[in-house]
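The block underneath contains the structure these notes are about, expressed in structure tokens.
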Amino acid sequence: MENGTSDFFNLKELPHVVRALDRNLKVQENILNVIGNTPIVKLNKIPKQEGIQCDMYAKCEFLNPGGSVKDRIAYRMVLEAEQKGILIPGKSVIIEPTSGNTGIGLALASAVKGYRCIIVLPEKMSDEKVNTLKALGAEIIRTPTEAASSSPESNINVALRLSKEIPNAVVLDQYNNPCNPLAHYDGTAEEILWSLDDDVDMVVIGAGTCGTVSGVGHKIKERCPKCIVVAVDPHGSILAEPEELNKSDVEIYQVEGIGYDFLPRTLDRKIIDKWIKTDDTASLQMSRRLIKEEGLLCGGSSGAAMCAAVQAAKSLKAGQKCVVLLPDNIRNYMTKFISDQWMEAQNFKPIPKNDKLWWWNKTLDEDDDLIQPIKSLPNNTSTDEAVSALRENKASVISIVDNKGSISGVITADNTRMRLANLDGSFTEKLEKFIVKKYYKVDLSNSPTLGAVSRILDIARFVIVVKTDKSNIQKPIGVITSENLLSYVTNKGNQVNGK
Ligand SMILES: Cc1ncc(COP(=O)(O)O)c(C=O)c1O
């Protein structure tokens with residue numbers, strides 16, 4: 001996959017497939033037929049509360065059958081590859097690196113059309129996406145979130161490697177495939193223009209592969225040149241500021257589907273009038289508002305787009321029209337930002353107050369006896385040794401530290417058993433494969449309360465306690481389980497109550 005240096009596609013000259021803008025056929029041939037033709041819904045409460053003068057509309061891409069805007073490009077790429085004889089049903093194997101939603105779209109098309117489908121996605125992406133993919137019959141390969149796109153470990157390079165190893169494999173390659181922006185040029189943009197009678201003053205669209213913003217941008221500018229095209233890019237991504245392309249450290253953010261550390265060929269910077277950077281907290285809080293206040297059951301990047309739209313639409317006057325595209329649906333995030341406890345654990349939301357419990361607001365101290373000591377092993381330990389340590393310590397969790405003593409993950413009995421059951425019953429794989437990176441921790445240097453620990457234990461089997469020093473080393477201090485917290489608060493509670 002190239003690195004954004006080639007010219008953008010000439011969308012006008014490519015072959016077009018524009019569907020009738022009416023989905024109300026009595027019976028549809030199959031589920032792929034109902035991709036697209038999503039509704040545009042007026043936004044009411046949020047624009048009013050934010051003092052917006054113009055009319056704001058949501059393009060509800062989360063109502064696509066696979067749950068996202070990416071159904072459109074997945075189906076379009078499959079259809080075109082079939083027409084060209086690149087994909088042969090029953091024979092070809094579809095392999096794609098994705099942040100999940102393109103994978104779901106491809107798995108949906110594969111289920112209906114009969115392809116084997118292998119999806120390669122970073123660990124950051126939600127388990128809900130993985131379970132949906134599996135239910136659709138796709139095979140999943142996870143890659144480290146922190147792997148830069150150019151590294152051999154990245155989902156892009158793993159997919160390319162697999163495509164060379166597996167017979168009849170085809171990578172449709174959403175990052176370079178003109179069908180990606182074309183699906184939006186012919187579909188999404190036509191629909192927006194139809195809904196608003198070719199009169200749109202602003203579109204606000206999250207930027208991932210940038211197929212949506214580039215394809216919609218091109219068609220809308222052709223038919224409505226006054227329209228301002230706004231692209232939304234999270235902090236930690238380089239799409240808005242390509243001069244950061246050579247930044248060595250990859251900054252991790254939680255919102256899924258937007259932002260990259262390289263410039264995809266499917267991005268046309270010339271069509272974008274304005275870039276707005278967004279952050280996790282405001283984005284995910286805005287997603288929760290879209291759900292609660294507007295009844296739009298959308299995902300995290302929808303909140304990012306809405307945050308940017310609220311900012312950008314302040315420049316529009318009464319009577320003007322701003323469309324914000326909501327790419328995916330709540331289903332992908334049921335255990336993530338839809339969970340209050342998850343939001344609190346990430347510091348995206350305050351812990352609820354509880355004045356009735358003596359211990360709720362108590363700060364966790366390093367010498368509190370509810371913190372159980374945790375064994376730490378260096379990350380170059382062999383898998384066999386680490387598993388023996390789990391066994392000998394009768395511990396359910398051990399921390400793994402880098403050469404500076406900073407925690408880089410944990411190994412747990414649960415995960416190790418699961419991997420063992422899913423492998424061939426041996427520990428021949430490197431320890432790296434057994435390390436869990438998604439776990440919950442509290443940092444003593446932030447003075448966490450027992451209430452905060454208790455809220456995390458609502459959704460996790462344990463909380464790791466760490467302490468960050470001045471040189472940013474996160475030293476593992478211990479671990480707390482529900483049993484530890486329960487016995488601490490009941491024992492101490494008896495003392496407090498004089499029993
Ligand atoms: C949830 C979500 N939002 C936004 C996007 C960005 O869309 P695009 O790749 O067209 O830029 C994606 C792409 O995968 C996505 O999954």
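Note that ligands are numbered from 1 as they come in the structure, with each ligand's atoms numbered from 1 the same way.
No hydrogens or angles considered: nothing links the side chains of Ser408 and Asp402 as a donor-acceptor pair under 3.5 Å. A side-chain N or O of Glu61 and one of Asn64 form a donor-acceptor pair less than 3.5 Å apart. A donor-acceptor pair shorter than 3.5 Å cannot be found between the side chains of Tyr333 and Gln254. The closest side-chain donor-acceptor pair between Asn332 and Ser126, if any, does not fall under 3.5 angstrom. In this structure, a donor-acceptor pair under 3.5 Å is absent between the side chains of Gln174 and Thr209.
Lys321 pairs with exactly one of Asp199, Asp197, Asp55, Asp198 by the salt bridge (Lys or Arg N to Asp or Glu O under 4.0 Å) rule, that one being Asp199.
When only interatomic distances are considered, the shortest N/O to N/O separation between Cys210 and ligand 1 falls below 3.5 Å. Ligand 1 has no nitrogen or oxygen under 3.5 angstrom from a nitrogen or oxygen of Tyr333. Close N/O approach between Asn180 and ligand 1 is not found [any backbone or side-chain N/O within under 3.5 Å]. Annotation: Asn101 places an N or O atom under 3.5 Å from an N or O atom of ligand 1; distance criterion only. Considering backbone and side-chain N/O of Glu256, none are found under 3.5 Å from N/O of ligand 1.
Ring geometry, Tyr175 versus Tyr260: the interplanar angle exceeds 60°, so the pair is classed perpendicular (tilted spans 30 to 60°).
For ligand 1, the atoms closer than 4.0 angstrom to any heavy atom of Gly208 are 6 (C), 8 (P), 9 (O), 11 (O). Near Pro327, meaning under 4.0 Å from any of its heavy atoms, are these atoms of ligand 1: 2 (C), 3 (N), 4 (C). Every atom of ligand 1 is numbered from 1 in the order shown, and the set under 4.0 Å from a heavy atom of Asp328 is 1 (C).
When hydrogens are left out, the protein atom nearest atom 15 (C) of ligand 1 is Gly257 CA, 3.6 Å; that is the closest non-hydrogen contact. In this structure, atom 3 (N) of ligand 1 lies nearest to the protein heavy atom Ser301 OG, 2.6 Å. Thr212 OG1, 3.6 Å is the protein heavy atom nearest to atom 7 (O) of ligand 1.
Residue contacts with ligand 1 include Gly206, since one of its heavy atoms falls under 4.0 Å from the ligand. A heavy-atom separation below 4.0 Å is found between Ala207 and ligand 1.
Proximity of Ile258 to ligand 1, defined as any heavy-atom pair under 4.0 Å, is confined to the side chain (atoms from C-beta onward). Contacts with ligand 1 closer than 4.0 Å are made by no heavy atom of Gln174, backbone or side chain.
Shown here for Arg419 and Lys433, the closest heavy-atom pair between the two residues is CD-O, 3.0 Å. Summarising the geometry of Phe62 relative to Cys298, their closest heavy-atom pair is CD2-CB, 4.0 Å, with the distance given to 0.1 Å.
Tyr185 contributes atom OH, which lies 6.0 Å from atom NZ of Lys12 (distance to the nearest 0.5 angstrom).
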